[in-house]
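Any value given below was found using the heavy atoms of this structure, including those in side chains, with hydrogens, waters and symmetry copies removed. Start at 1 and go down the list; that is how both ligands and their atoms are numbered.
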Amino acid sequence: MKPLNNKPKQHHNELLSASKLILAGLLLLLGLSLPAQHVTSNSCTENCHKRTVKKDILHGPTATDCTICHEPNGKAHPVEDVSAFTFFAEGAELCYSCHTEIAEQFSLKYVHKPAKNGECSECHEVHSSNDPKLVFTQAPDLCFFCHSDFDDNRATATSVHTASYTGEACLQCHSPHASTQRRLLVGNNRELCLSCHNKIIKKEDGALLANIEKHLSESTHEHRALGKTCTGCHSPHISELELLLKEAFTLGNYVEGIEDNFALCFQCHDTDLLNVETTTIGTEFRQGDRNLHYVHVNKVKGRNCTNCHDVHAANNSKLIAETVKFGRWDMPLNYIENDNGGTCATGCHKEQHYARE
Ligand code: HEC
Ligand code: HEC
Ligand code: HEC
Ligand code: HEC
Ligand code: HEC
Ligand code: HEC
Ligand code: HEC
Ligand code: HEC
Ligand code: HEC
């Protein structure tokens with residue numbers, strides 16, 4: 001992919017100004033100059049500025065009248081170089097003077113920095129373009145001009161949300177201009193995710209991803225960590241961790257029971273539930289003051305949190321799953337809670353009770 005310094009626009013500009021200088025020099029040698037007052041599209045493009053109209057799609061006004069934007073100011077052109085013309089308005093104002101409908105968009109709460117700065121021509125070719133909507137190139141490459149980190153780190157990332165880089169790519173979720181939503185999102189963060197994760201997805205490597213939307217809508221208890229977003233835990237783009245996770249969470253049935261392996265959870269939950277052997281306040285999962293989280297998890301071959309909890313949602317309180325994956329077996333937990341504790345009868349052990357008092 002193209003790094004920032006390959007921005008085609010810059011080449012385009014350099015070429016233009018180079019040819020402009022040469023032509024200006026030639027005209028000077030011949031003692032010619034074009035009187036600025038009579039500049040029309042034809043005289044501009046036929047004599048010198050062929051490149052401005054060279055690409056497939058012409059920007060409306062460029063086809064007929066260059067001076068609608070570049071107002072001659074009386075100086076001779078090209079003898080006195082570009083200062084022979086002045087924009088009749090600066091930055092975005094120039095654009096809004098015709099695109100009145102779009103000016104409204106830019107008054108929304110969140111405006112993309114380059115648009116806010118009136119740098120419309122950082123993304124749009126103001127004269128002619130090979131891409132629809134007069135952009136220099138399509139997303140995601142257009143976005144990589146400035147957000148090159150989204151591209152650079154892809155090859156070495158542990159997980160990539162390929163969906164974010166294909167098709168409409170970034171524009172599936174972001175507006176290039178402005179939005180009523182944080183981060184220029186085109187919709188509610190969570191709804192955006194669920195608009196695709198409403199079916200079982202088969203990944204390129206054949207692995208299947210669960211239908212999250214169905215699971216959430218069929219569960220009575222949802223993890224409060226979800227709320228309005230999925231991105232408390234997952235990155236929508238790339239991650240150094242598996243499953244696009246933002247903080248470490250080791251996958252699998254067995255895991256060494258140390259804090260670092262569950263950093264994701266301990267951003268919000270108290271580590272006492274893992275670390276203290278006896279407690280009457282650190283956790284509700286205890287027999288008297290004996291911490292049963294400690295018993296199950298805090299050892300070299302500890303049981304992962306996901307052996308008992310479903311991190312998204314469940315039909316038991318405390319997100320206790322009905323079944324958990326153990327290889328090819330959907331192992332039932334048969335959890336029943338009561339006021340003072342609960343009961344489990346799982347594939348791991350016969351029916352066991354715990355009582356806090
Ligand atoms: C819709 C307004 C508009 C019209 C119409 C227009 N231009 Fe421009 N032109 C611009 C803007 C804006 C820039 C500055 C681009 C930038 O900042 O990258 C520019 C820059 C230029 C430049 C400086 C070199 C460059 O591209 O960076 C030249 C030369 C030029 N225009 C020639 C023309 C010619 C010739 C026409 C008619 C065929 C024309 N323009 C029509 C808006 C316009
Ligand atoms: C003098 C009037 C005028 C000015 C000034 C002007 N435009 Fe345009 N622009 C047009 C017209 C006319 C069209 C063609 C509209 C259509 O086909 O519906 C157009 C089309 C476009 C399109 C393509 C829209 C589409 O749906 O395909 C973009 C993008 C665009 N302009 C951006 C800009 C930007 C950025 C600026 C400021 C640098 C600008 N325009 C300044 C008149 C103008
Ligand atoms: C970060 C890149 C970027 C910047 C900056 C930017 N645009 Fe755009 N613009 C786009 C893209 C991409 C599209 C096409 C959107 C689509 O297809 O959904 C677009 C579409 C448009 C259109 C076509 C109508 C529409 O909404 O689809 C107009 C007009 C336009 N832009 C004008 C502007 C003006 C005026 C500015 C500056 C105030 C500006 N743009 C700044 C990337 C940009
Ligand atoms: C001309 C440079 C440029 C281009 C091209 C560009 N961006 Fe940006 N973008 C920025 C800058 C500058 C910021 C502000 C960064 C900051 O404040 O740290 C930004 C911020 C953002 C943000 C965060 C907004 C927020 O509220 O925090 C998003 C999302 C974004 N860009 C998406 C895109 C997408 C999608 C594209 C391609 C359609 C794109 N950008 C193309 C320069 C650019
Ligand atoms: C599936 C939806 C989705 C797609 C596709 C997507 N993003 Fe995002 N993006 C988001 C969400 C959601 C956030 C807010 C994340 C948060 O709040 O932690 C975000 C945040 C951002 C930010 C703000 C800084 C940050 O990292 O949080 C930038 C910049 C950004 N995206 C650029 C891009 C670019 C560039 C692309 C295309 C390569 C892209 N996004 C594709 C959903 C998406
Ligand atoms: C446009 C459809 C689409 C949207 C929107 C979307 N996804 Fe995905 N998601 C996919 C597809 C397809 C895959 C499997 C291939 C891949 O990695 O992209 C996937 C994979 C994933 C994975 C598993 C990654 C892995 O390494 O196995 C997670 C986690 C995920 N998405 C979370 C999210 C989140 C969070 C959001 C919202 C910010 C979101 N998705 C929005 C289509 C989408
Ligand atoms: C509290 C953190 C957290 C939140 C919030 C969260 N996830 Fe997850 N997600 C995880 C963890 C941890 C896993 C791995 C679970 C496992 O190994 O059983 C996972 C796994 C996934 C997977 C892979 C499922 C599979 O079958 O392998 C997808 C897809 C996914 N999440 C999407 C989402 C979506 C969409 C949302 C928002 C509705 C969301 N997640 C919210 C932590 C979270
Ligand atoms: C972004 C913050 C956040 C993250 C990250 C997070 N949680 Fe939560 N979790 C919460 C909140 C808030 C509650 C609701 C607590 C309450 O109601 O007292 C909750 C509740 C729970 C519950 C049920 C407790 C109850 O009172 O219903 C369990 C079990 C749980 N989380 C496990 C996990 C696991 C396992 C992880 C790591 C994969 C994790 N959480 C990551 C915020 C988070
Ligand atoms: C062996 C099964 C099991 C494992 C493994 C397990 N939990 Fe629990 N957890 C429970 C049970 C059962 C409860 C409900 C206790 C009650 O309220 O009766 C619970 C409750 C919770 C709560 C609610 C607050 C509390 O402590 O009572 C949180 C948060 C929680 N677990 C997080 C985790 C995290 C994080 C992990 C992994 C480090 C984990 N659990 C591993 C069974 C388990």
message: If you scan the protein for heavy atoms around atom 24 (C) of ligand 5, do you find one that is closer than 4.0 Å?
response: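 So far as the 4.0 Å threshold goes, atom 24 (C) of ligand 5 is out of reach of every protein heavy atom.
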Looking only at protein heavy atoms, which one is nearest to [atom], and what is the separation?
{"atom": "atom 16 (C) of ligand 5", "answer": "Thr231 OG1, 3.7 Å"}
{"atom": "atom 31 (N) of ligand 5", "answer": "His174 NE2, 2.9 Å"}
{"atom": "atom 34 (C) of ligand 5", "answer": "Cys170 SG, 3.5 Å"}
{"atom": "atom 13 (C) of ligand 5", "answer": "Pro236 CG, 4.0 Å"}
{"atom": "atom 15 (C) of ligand 7", "answer": "Val311 CG2, 4.1 Å"}
{"atom": "atom 38 (C) of ligand 7", "answer": "Cys230 SG, 2.7 Å"}
{"atom": "atom 5 (C) of ligand 5", "answer": "Ser164 OG, 3.2 Å"}
{"atom": "atom 12 (C) of ligand 7", "answer": "Phe249 CD2, 3.7 Å"}
{"atom": "atom 22 (C) of ligand 5", "answer": "Phe150 CZ, 4.2 Å"}
{"atom": "atom 28 (C) of ligand 7", "answer": "Ile212 CD1, 3.8 Å"}

Below 4.0 angstrom from a heavy atom of [X], which ligand 5 atoms are there? Numbered from 1 as shown, please.
{"X": "Leu185", "answer": "10 (C), 11 (C), 12 (C), 42 (C)"}
{"X": "Arg183", "answer": "14 (C), 23 (C)"}
{"X": "Ala169", "answer": "5 (C)"}
{"X": "Cys173", "answer": "1 (C), 2 (C), 3 (C), 4 (C), 5 (C), 42 (C), 43 (C)"}
{"X": "Tyr165", "answer": "38 (C)"}
{"X": "Asn189", "answer": "12 (C)"}

task: Have a look at ligand 1 and work out which part of Asp65, if any, has a heavy atom under 4.0 Å from it: side chain, backbone, both or neither.
output: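 It is the backbone that gets close, since no side chain atom is under 4.0 Å.
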- request: Please state which part of Thr62 comes within less than 4.0 Å of ligand 1, counting heavy atoms only: side chain, backbone, both or neither.
  value: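 It is both backbone and side chain that touch ligand 1.
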task: Return yes when Phe85 approaches ligand 1 closer than 4.0 angstrom through a heavy atom, no otherwise.
output: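 No, that is not the case, since the closest heavy atom of the residue is not under 4.0 Å from the ligand.
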- prompt: Could a heavy atom of Thr67 be found less than 4.0 Å from some atom of ligand 1?
  reply: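 Thr67 does not count as a contact of ligand 1 under the 4.0 Å cut-off.
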query: Does His296 have its ring centroid less than 6.0 Å away from the ring centroid of Phe285?
result: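 Between Phe285 and His296, which both carry aromatic rings, the centre distance is below 6.0 Å.
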Lys246 near ligand 5 by a heavy-atom separation under 4.0 Å: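 Right, Lys246 reaches ligand 5.
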field: 4.0 Å heavy-atom contact, Leu192 with ligand 5
entry: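 Judged by the 4.0 Å heavy-atom criterion, Leu192 does not count as contacting ligand 5.
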Side chain, backbone, both or neither: the part of [X] lying under 4.0 Å from ligand 5 by heavy atom:
{"X": "Cys143", "answer": "side chain"}
{"X": "Ala163", "answer": "neither"}
{"X": "Asp151", "answer": "neither"}

message: Taking the basic N atoms (NZ, or NE/NH1/NH2) and the acidic carboxylate oxygens, is any pair closer than 4.0 Å for Arg286 and Glu284?
response: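 Yes, this pair counts.
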query: Is Glu222 paired with Arg190 through a side-chain N to carboxylate O contact shorter than 4.0 Å?
result: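 Yes.
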From [atom], work out which of [options] has a heavy atom at the shortest distance.
{"atom": "atom 36 (C) of ligand 1", "options": "Cys66, Gly91, Cys44", "result": "Cys66"}
{"atom": "atom 3 (C) of ligand 1", "options": "Cys69, Ser121, Gly118", "result": "Cys69"}
{"atom": "atom 2 (C) of ligand 7", "options": "Ala210, Cys233, Cys196, Ala313", "result": "Cys233"}
{"atom": "atom 9 (N) of ligand 1", "options": "His70, His59, Glu122, His49", "result": "His70"}

Closer than 4.0 Å to some heavy atom of [X] - which atoms of ligand 7 meet that?
{"X": "His197", "value": "29 (C)"}
{"X": "Thr306", "value": "16 (C), 18 (O)"}
{"X": "Leu251", "value": "14 (C), 17 (O)"}

message: Taking atom CD as the centre, does Glu101 end up with more than 12 heavy-atom neighbours from other residues, nucleotides or ligands that are less than 6.0 angstrom away?
response: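 Atom CD in Glu101 is crowded, with more than 12 foreign heavy atoms closer than 6.0 Å.
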field: Exceeds 12 heavy-atom contacts within 6.0 angstrom, atom CG of Leu208
entry: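 Check passes, neighbour count above 12.
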- prompt: What is the ring orientation for His237 with Phe150, classed by angle as parallel under 30°, tilted 30 to 60°, or perpendicular over 60°?
  reply: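 Geometry flag for Phe150 against His237: perpendicular rings.
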message: Parallel, tilted or perpendicular, judged at 30° and 60°: which one describes the rings of Tyr254 and Phe326?
response: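 Ring orientation of Tyr254 relative to Phe326: perpendicular.
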- request: Could you confirm whether His312 has any N/O/S atom lying under 2.8 Å from atom 8 (Fe) of ligand 7?
  value: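 True for His312.
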- request: Check for a donor-acceptor pair, side chain of Thr67 on one end and backbone N or O of His70 on the other, with a separation under 3.5 Å.
  value: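 Flag not set: sc Thr67 to bb His70 has no pair under 3.5 Å.
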message: Using only atom types and a distance under 3.5 Å, with no angle test, would you say the side chain of Ser179 pairs donor to acceptor with the backbone of Gln181?
response: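 Indeed, once roles are kept as given, a pair shorter than 3.5 Å links the two residues.
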query: Is there a donor-acceptor contact under 3.5 Å linking the side chains of Glu259 and Asn275?
result: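 A donor-acceptor contact under 3.5 Å links the two side chains.
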query: For His147, is at least one N or O under 3.5 Å away from an N or O on ligand 5?
result: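 No, no N or O pair falls under 3.5 Å.
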message: For ligand 5 and His237, I'd like to know whether there is a polar contact (N/O to N/O, distance under 3.5 Å).
response: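 Yes, since at least one N or O of His237 sits under 3.5 Å from an N or O of ligand 5.
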- request: Any chance you could lay out the salt bridge (Lys or Arg N to Asp or Glu O under 4.0 Å) test for Arg51 and Glu125, step after step, and finish with the verdict?
  value: CA-CA 12 Å; Arg51 275 174 181 277; Glu125 297 201 80; over 6 Å; no
- prompt: Looking at Tyr165, is Arg154 sitting on its ring face, NZ or CZ under 6.0 Å from the six-membered ring centre and within 45 degrees of the normal?
  reply: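 Cation-pi check for Arg154 and Tyr165: passes.
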message: Suppose I only count heavy atoms of Leu94 and a 4.0 Å limit; which atoms of ligand 1 are within that range?
response: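 By the 4.0 Å cutoff, the relevant atoms are 12 (C).
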- request: Just jot down the ligand 1 atoms closer than 4.0 angstrom to any heavy atom of Thr45, in number order.
  value: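 Ligand 1 atoms under the 4.0 Å threshold to Thr45: 38 (C).
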query: For ligand 7, which part of Leu243 has a heavy atom less than 4.0 Å away: the side chain, the backbone, both, or neither?
result: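 The answer is the side chain of Leu243.
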field: Name of whichever N/O/S atom of His234 is nearest to atom 8 (Fe) of ligand 7
entry: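 Relative to atom 8 (Fe) of ligand 7, the closest nitrogen, oxygen or sulfur of His234 carries the name NE2.
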